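Reviewing the structure listed below.
Throughout, protein chains are lettered first and strands after them, A, B, ... in sequence-line order, and every chain is numbered starting at 1. These numbers come from a predicted model, not from an experiment.
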Amino acid sequence: MEGKISVTVAGRPVQVAHGASAGQLLKGFGNGRLVAARVNGKPVDLSCPVGEGATVEPVLADSPEGLEILRHSTAHLMAQAVQQLFPGVQVTIGPAIEEGFYYDFAAPRPFALDDLPRIEARMRELAGLDLKIERLEMSREEAVARFAALGERYKVEILSQLQEPRVSVYRQGDWMDLCRGPHVPSTGHLQAFKLLSVAGAYWRGDERNPMLSRIYGTSFASERELAEHLRLLELARQRDHRKLGRELELFFFDPVSPGSAFFLPRGTVIYRELESYIRRLYRRYGFAEVITPELFRNELWQRSGHWEMFRENMFLTSDGERGAGAPDYGLKPMNCPGHALIYRLEKRSYRDLPLRLADFGRLHRAERAGVLHGLTRVRAMAQDDAHIFCLEGQVGAEIDRNLQMVKEVYQALGFGPPKARLATMPDKHLGSEELWRQSEAVLAQALERNGFGYVVNRGEGAFYGPKIELYVPDALGRNWQLATIQLDYNLPQRFDLSYIDASGLPARPVMIHRAILGSIERFIGVLLEHTGGVLPFWLAPEQVRVLSLSEKVEPYAAEVAELLERRGARVARDLRNEKLGLKVRQAELAKVPYIVVVGEREAAQRGVSLRRLRGAKQESLSLEQLAALIGQEAPPG
RNA sequence: GCCGAUGUAGCUCAACGGUAGAGCAACUGACUUGUAAUCAGUAGGUUGCCGGUUCAAGUCCGGCCAUCGGCUCCA
């Protein structure tokens, strides 16, 4: 059996010649979609030789793994095109990302949107040449020499930080890039791609480093999938909550208060309905609502640790009389210190705990100008915030209770099941590492107990404790972080909170911070994008619009509207002297759930013609039937 | 904060450095209407703000403000 080895190819044992490549073994797989191989579970190039006893699996372009390789290769193709078109541009890194890829360049002049068509055209030429993509292995020193000769300073820097003695370089045509790989076998595999946007990005994401020029793009296994993706992007644009906010007259922003929304009457209805819903749940889940100050002397922030850890995100101020002096007050960015003061008001017994304090107080955070984004990233907001003070031994049950509430709320609001992340100790933190690890474990166990799959988000916790972050998927498949549950051993210590335990001795309570909707502002933004503005009846600013057909039926239309208003519905009347088609169109565009039409026919029968939003057909109902229908639309909770 | 782009009527958008326009909305009038746009007319602007270049600036240049796309899902 000289020169033969035994391997397993796609689950089948075979004998092949020594030195055969993965690509040779997988010939015929995937119908041209074969882009790479998995050998012994590791993704490799098709050119990779296979050893004795190996398991070889195909990686196809439309699999998640294949797509990642495809995109990474497309990033290389783009870099090649860029360097051909723009001499003097250095390459840095260019990974595949969730929905595509990017490549960061050190360019004498940052790229503009206008550059993209040219780059894309060159990419198509290079793809058309079907250049072979070859992997070369070499010593780190040799690679450093090569990239230094090319003037690629960033690559040299990357190489100097690598541990491996040998590194890989990929070559396509006369262009090469330091890269771990794997890659598709040739540029001809890259067909369905598009460059999307340009952006500035710091080298290694650190603002102390030079600003690079980033180009974003995406690629897919087929033109059809690319077109579908672009369609989704367009859909997302249509559903942009900022656009809907304007069209549906919900809210607006004015430059005189960047990052702070003005909620118009219609938007305010949504805002207050959401609050009311959470309030109803608070009764059931045992929370007590409080109202606390917005402005506190700095000494409070010094005690809570915000002064040290959060001051750069706070609005600091002073009273008008002495305005010129140093600011001695801070607008609250969080409710927790205020709640600690409420806790401290009385001597607490273990019998009083858990104490659950809820607060819809307005919070202000000095977010950097560049990160503001509609309602989803604001400087002024309210949260459905609560703090739970409890015994160490009650923490598990309290977290269970809140995870339960999370499930209930997101189901009631029409979202899919949330996914969890456990955010652990950040660099900037208060408290000992031991305490941190202990609280992280408590949260992890609660997640498991409640059937939440989770991933660990290292170093992303709050400065005072680890967090559970809950991500909710919307209708377009995007995930939003909304709910959060955070454990805090630090504030109780800083405020010297205590209770008297069963044996009469003082003990330290644990504090849990939590919000279900997160900020109401952000939640409304997400809800609008999730629903496209078509809200459930109970949240609709205008629930019923009564349309009259002519002047003659105005009194009857008014009667119908009043009837529904007495039943508690939010009703608008459209008695204008306009054609019915126009009124219906406008009611549809305003996304009113129930469109009630009355003409002489309905007036004679004392009934209505009901058209539901987005439903083309009409129903004839009596007034009683209509009232009963409205009565059934009860809000959740 | 940093990089890039954008800012024209309430909204969506036009306007080779040479008199700022259209559609929708608003207002007035006619039409009395049957399930996604009836017709006609009227009015609406210090082109984000400040400065500069020019005989002439919405347009070119600079500063500021705001908005939009981004700012480590690592070679």
Side-chain angles (χ1 to χ4, degrees), chain A residues 68 72 75-76 91-104 107 109-115 140 143 147 152 154-164 167-170 177-181 196-216 237 240 242-243 246-247 249 252-259 312 366-374 455 457 547-554 576-590 595-602 609-619:
Chain A
E68 194 182 327
H72 190 183
H76 274 220
V91 289
T92 68
I93 63 168
I97 56 175
E98 208 171 283
E99 299 205 313
F101 61 86
Y102 66 80
Y103 210 114
D104 284 346
R109 165 185 76 83
F111 294 109
L113 222 44
D114 303 338
D115 295 323
R140 201 152 55 98
F147 285 104
E152 297 286 0
Y154 290 88
K155 289 292 176 188
V156 172
E157 182 181 332
I158 291 165
L159 278 164
S160 70
Q161 284 164 4
L162 289 178
Q163 305 299 318
E164 295 81 355
V167 299
S168 57
V169 169
Y170 280 78
D177 193 7
L178 173 72
C179 183
R180 190 165 41 199
L196 296 172
S197 58
V198 293
Y202 298 103
W203 168 234
R204 296 195 186 273
D206 189 328
E207 64 189 49
R208 288 166 303 199
N209 287 338
M211 175 68 69
L212 305 173
S213 183
R214 173 174 297 183
I215 302 178
Y216 281 96
R237 263 193 289 280
D240 190 314
R242 294 164 299 192
K243 183 170 183 277
R246 202 171 36 244
E247 289 170 357
E249 297 172 41
F252 73 98
F253 289 87
D254 188 283
V256 295
S257 188
E312 59 189 26
E367 302 286 355
R368 302 159 110 203
V371 306
L372 299 178
H373 181 93
V455 294
N457 215 357
L547 316 185
S548 62
L549 256 154
S550 72
E551 249 168 28
K552 293 187 203 96
V553 295
E554 265 183 40
R576 290 173 307 163
N577 180 13
E578 294 290 352
K579 294 209 162 179
L580 184 61
L582 181 80
K583 294 185 180 187
V584 167
R585 174 182 157 79
Q586 292 181 344
E588 286 277 342
L589 290 175
I595 301 167
V596 166
V597 176
V598 297
E600 289 186 71
R601 212 154 55 214
E602 287 76 15
S609 168
L610 173 68
R611 173 186 168 122
R612 293 175 201 248
L613 179 59
R614 304 281 163 95
K617 60 185 179 302
Q618 301 103 47
E619 307 160 54

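- Going from atom CD of Glu312(A) over to atom P of G1(B) covers 14 Å, rounded to whole Å.
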5' to 3', nucleotides 70-75 of chain B under a 4.0 Å protein heavy-atom cut-off (B base, S sugar-phosphate only, - none) gives BBBBBB

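- Secondary-structure annotation of RNA chain B gives the stems B:1-7 with B:65-71, B:10-13 with B:21-24, B:26-30 with B:38-42, B:48-52 with B:60-64, with a stem taken as at least 3 successive Watson-Crick or G-U pairs whose two distances both fall under 3.5 Å.
- Nucleotide A37(B) holds its C1' atom 14 Å from the CG atom of Leu547(A), rounded to whole Å.
- The residue Glu367(A) sits apart from the nucleic acid: no heavy atom pair falls under 4.0 Å.
- Rounded to an integer number of Å, the gap from Asp115(A) CG to A5(B) P is 10 Å.
- What separates CZ of Arg601(A) from C1' of G34(B) is a distance of 6 Å, to the nearest Å.
- Look at CZ on Arg208(A): it is 14 Å from C1' on C2(B), rounded to the nearest Å.
- Across all strands shown, Leu589(A) has heavy atoms under 4.0 Å from base atoms, whether or not it also approaches the sugar-phosphate.
- Residue Arg246(A) is classed as a sugar-phosphate contact, given heavy-atom separations below 4.0 Å to backbone atoms only.
- Each of Lys583(A), Arg576(A), Glu578(A) was evaluated against Ser548(A); a single residue qualifies, Lys583(A), per the side chain to side chain contact (heavy atoms under 4.5 Å, CB included) test.
- Taking atom CD1 of Ile215(A) as the reference point, atom P of A5(B) lies 14 Å away to the nearest angstrom.
- Nearest-nucleotide mapping onto RNA chain B: of Ile595(A) and Pro255(A), the residue sitting toward the 5' end is Ile595(A).
- Remark: P of U38(B) and NZ of Lys579(A) are 6 Å apart, rounded to the nearest angstrom.
- Between Glu619(A) and Arg611(A) no salt bridge is recorded (no basic side-chain N to carboxylate O distance below 4.0 Å).
- Between Glu578(A) atom CD and A25(B) atom C1' the separation is 12 Å, expressed in whole Å.
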